[in-house]
Amino acid sequence: RGLIEYLDYIEEMGFEAIWITPVVKQHPGRTASGTGCMGYWAHDIYKIDEHFGTPQDMRDLVQELHRRNMVIMYDFVGNHMGPIHGEASIRDMVPFNESRYFNQLFIGNMSFDDYTNKSHSWPPPAQAMWSQSGAQCTQGVDCSCYKCKESLNEDLSMVGDGATESAGGCRGEMVFDPEGPCPEGALSKYCMPGDYTCQGYNETVTHRGWFYDLGDLNQTDPFVRQTQLDWIKWFVQEYDIDYLRLDTAPFMEFDFLSDLQESANVSIFGEVTTTNLTFHAQFQSNPPGPAGRPVLDGVLNFPLYYSAIAGFCGEWWPFSQWNLTFLGARMEQQLEAPYRSVERLGNFVDNHDTPRIASVCNQDEGRIANAVAWTMLAKGMPIIYYGTEALLASIRSSFWQYGFDTKREGFRFMKTLNQIRSTISATAPLQVHPTSDDGTLVFSRGDSVFVFLNNKANTTGHVEYCGVRLPEPETHYHWANALTKFPARFHEGCLVAANTLPLVLTQRPRLQSHDH
């Protein structure tokens with residue numbers, strides 16, 4: 001009901017949808033893994049957890065959104081249930097209350113109690129993603145692709161600009177590790193889902209392994225598979241859900257995901273943590289491309305997320321740190337990749353599982369603004385984490401105590417970006433325009449919107465964007481910054497910005513500008 005109370009704030013900022021985390025009944029009480037409070041430890045998939053509200057509260061939220069012509073994206077987990085530590089802990093799970101409903105890869109002669117006993121180290125259970133698990137690289141091997149090359153120079157130029165800390169404490173340079181499991185030139189800093197060229201990559205372990213002690217559902221079991229398909233159809237109809245976000249999508253098989261999408265009968269956007277564009281596209285159609293069987297309607301855009309936070313804020317990622325030219329190249333590569341729909345990729349620079357953009361950018365408001373502008377105006381669907389407008393730095397802190405201040409500068413910035421975005425067709429073509437500086441990125445949406453971004457520190461002063469030629473404006477119009485309404489200023493062929501904040505150029509009538 002708290003969300004209902006503050007929908008005015010969200011709507012006024014210009015957003016048309018909200019994405020909420022799962023609200024099904026969570027694992028009760030304290031477990032060896034802690035407590036379930038975020039919605040991802042399902043215990044009874046048919047009940048609403050009382051800590052979030054009642055079934056009627058859920059219906060009221062959706063009804064109020066629809067009254068405002070807004071929609072809801074509901075987050076759900078198909079890969080696993082809550083934590084399991086033996087047979088006893090699953091007896092009252094609903095509906096998966098028998099051990100046969102869960103994957104038991106490499107159980108051998110162990111009992112289920114021994115297999116799931118948290119008192120010893122993993123595996124078992126076989127793990128789906130973590131280094132040395134045998135999923136994305138050989139079991140027992142560190143899955144890192146790069147290592148730190150320590151610098152002998154104590155006066156590191158990057159220290160204090162966020163680069164040293166974001167490289168995992170490396171006081172030097174991150175370089176390719178020839179003894180690691182990755183091929184040279186790897187775009188991932190460690191072996192990830194879809195990195196098939198990593199030595200020892202094992203799809204079976206990836207699909208049938210667990211996340212720590214979260215009971216990994218066995219979709220080859222007919223009861224599990226059909227129950228999940230029936231449940232998602234029921235839940236969507238029961239609560240009138242518009243869109244779905246699917247947690248941990250790459251840890252389930254493509255055929256099951258296709259069946260899940262068909263059963264839901266509303267668009268599902270999958271969480272796929274990868275840098276492999278072809279693998280990423282495969283979650284829209286399998287095999288990738290128009291001839292493949294449809295899988296999920298959309299995918300969260302993790303391949304560009306990694307390069308974006310590295311490019312704008314200096315988070316270390318291969319080829320990407322402080323390199324917006326590389327981000328632009330990745331944007332172009334994505335346009336050529338075999339996606340069924342690039343428009344259905346969810347762009348973001350932070351969420352509930354990642355460091356907040358304000359933290360990654362060390363509270364540099366210019367860099368934060370540039371990263372957010374990229375999210376809002378690039379091709380795809382923008383996703384903004386709550387509290388970004390207030391520069392929240394903690395990943396999952398509540399927002400109530402900060403106040404829903406519509407006079408906040410960040411609020412006004414988001415509202416203006418939403419107004420600009422509303423003028424751009426979702427299918428408007430994206431073109432990246434080369435510049436002479438890796439610290440700048442320029443792209444256009446059609447011929448009417450040109451976005452100029454940079455990663456300069458807020459102490460830089462003016463920023464020049466050179467090498468980009470704008471079309472001649474129409475008669476009695478000129479190019480002006482839609483964020484401020486001030487006319488664009490050029491000097492010797494370069495667009496000059498007075499500060500590090502982003503520029504979004506559109507054509508405006510001269511009489512409506514601040515020429516005089």
Side-chain angles (χ1 to χ4, degrees), residues 129-131 136-137 143-147 162-163 165-168 170 174-177 180 182-183 185-198 248-250 269-283 298-335 337 339 342 345-362 367-368 370-375 378-385 388 395 432 438-439 441 443 453 455:
M129 186 173 180
W130 316 119
S131 184
Q136 283 80 54
C137 72
C143 288
S144 298
C145 303
Y146 295 82
K147 63 181 179 180
E165 293 80 4
S166 61
C170 174
M174 294 295 291
V175 298
F176 175 70
D177 184 359
C182 316
L187 296 177
S188 305
K189 65 180 178 181
Y190 49 82
C191 296
M192 304 174 71
D195 285 338
Y196 294 115
T197 54
C198 277
T248 53
F269 289 77
E271 177 197 35
V272 182
T273 50
T274 187
T275 61
N276 183 336
L277 294 179
T278 303
F279 177 74
H280 196 237
Q282 194 170 359
F283 285 85
V299 198
L300 299 188
N301 204 349
F302 274 91
L304 293 196
Y305 157 76
Y306 297 117
S307 291
I309 60 170
F312 287 113
C313 304
E315 179 84 1
W316 190 83
W317 198 264
F319 309 105
S320 302
Q321 190 176 39
W322 303 120
N323 191 343
L324 294 178
T325 300
F326 186 77
L327 173 60
R330 292 291 278 167
M331 294 167 70
E332 292 178 311
Q333 291 167 13
Q334 196 161 66
L335 295 176
Y339 289 96
V342 177
L345 300 181
N347 297 323
F348 66 100
V349 286
D350 59 5
N351 63 32
H352 61 288
D353 286 330
T354 70
R356 280 191 176 271
I357 191 65
S359 175
V360 177
C361 286
N362 288 323
R367 287 170 173 159
I368 297 167
N370 279 276
V372 169
W374 172 82
T375 304
K379 199 173 186 66
M381 297 177 60
I383 302 171
I384 300 296
Y385 193 28
T388 298
I395 296 178
V432 176
D438 288 342
L441 170 66
F443 64 89
L453 307 174
N455 61 17

Mind checking the [atom1]-[atom2] spacing from [X] to [Y]? Nearest 0.5 Å is all I need.
X: I309; Y: R356; atom1: CD1; atom2: CZ; result: 14.0 Å
X: Y190; Y: C198; atom1: OH; atom2: SG; result: 11.5 Å
X: L345; Y: L300; atom1: CG; atom2: CG; result: 9.0 Å

Locate the shortest heavy-atom distance separating D350 from P355; write the atom from each residue and the value.
CB-O, 3.4 Å
Can you list everything that forms a side chain to side chain donor-acceptor pair (under 3.5 Å) with [X]? Sequence neighbours excluded, please.
X: D195; result: S188
X: Q334; result: N301, Y339
X: Y306; result: none
X: K147; result: none

Using a 3.5 Å distance criterion without hydrogens, assess whether the side chain of [X] forms a donor-acceptor pair with backbone atoms of [Y].
X: Y146; Y: A186; value: yes
X: S320; Y: G311; value: no
X: W317; Y: L187; value: yes
X: N347; Y: W374; value: no
X: Q321; Y: E315; value: no

Report yes if some heavy atom in the side chain of N455 is under 4.5 Å from a heavy atom in the side chain of N370; otherwise report no.
no
How about K189 and C145: do any of their side-chain heavy atoms sit closer than 4.5 Å?
no
Let me see the working for V272 and F302 under side chain to side chain contact (heavy atoms under 4.5 Å, CB included), right down to the final yes or no.
CA-CA 7 Å; V272 182; F302 274 91; 5.6 Å; no
Could you check whether F312 and W322 have their ring centres less than 6.0 Å apart?
no
Between V432 and L441, is the side chain to side chain contact (heavy atoms under 4.5 Å, CB included) condition met? List the steps.
CA-CA 8 Å; V432 176; L441 170 66; 4.2 Å; yes
Taking ring pair (Phe, Tyr, Trp, His ring centres under 6.0 Å) as the definition, give me every residue that meets it alongside F283, ordered by chain and number, with sequence neighbours left out.
F254, F279
For [X], check side-chain contact (heavy atoms from CB on, under 4.5 Å) against everything at least two apart and list the hits.
X: M129; result: Q136, P193, F211, F251, T273
X: T278; result: N276, P288, P338
X: C361; result: C313, I357, R367, I368

Are C137 and C191 close enough that their SG atoms are less than 2.5 Å apart?
no
Tabulate below the donor-acceptor pairs under 3.5 Å that side-chain atoms of residues 324-332 make, not counting sequence neighbours, or state none.
unit_1, atom_1, unit_2, atom_2, d
T325, OG1, D438, OD1, 2.6
R330, NH1, Q333, OE1, 3.0
R330, NH2, T275, O, 2.7

Would you please test L335 and K379 for side chain to side chain contact (heavy atoms under 4.5 Å, CB included) and show each step?
CA-CA 9 Å; L335 295 176; K379 199 173 186 66; 3.9 Å; yes
Before you tell me yes or no, could you show the steps for Y385 and F348 under ring-ring contact (aromatic ring centres under 6.0 Å, His included), namely the whole-Å CA-CA distance, both residues' side-chain angles and the distance that decides it to 0.1 Å?
CA-CA 8 Å; Y385 193 28; F348 66 100; over 10 Å; no
Would you check, one step at a time, whether the test side chain to side chain contact (heavy atoms under 4.5 Å, CB included) holds for V372 with T388?
CA-CA 9 Å; V372 169; T388 298; 4.0 Å; yes
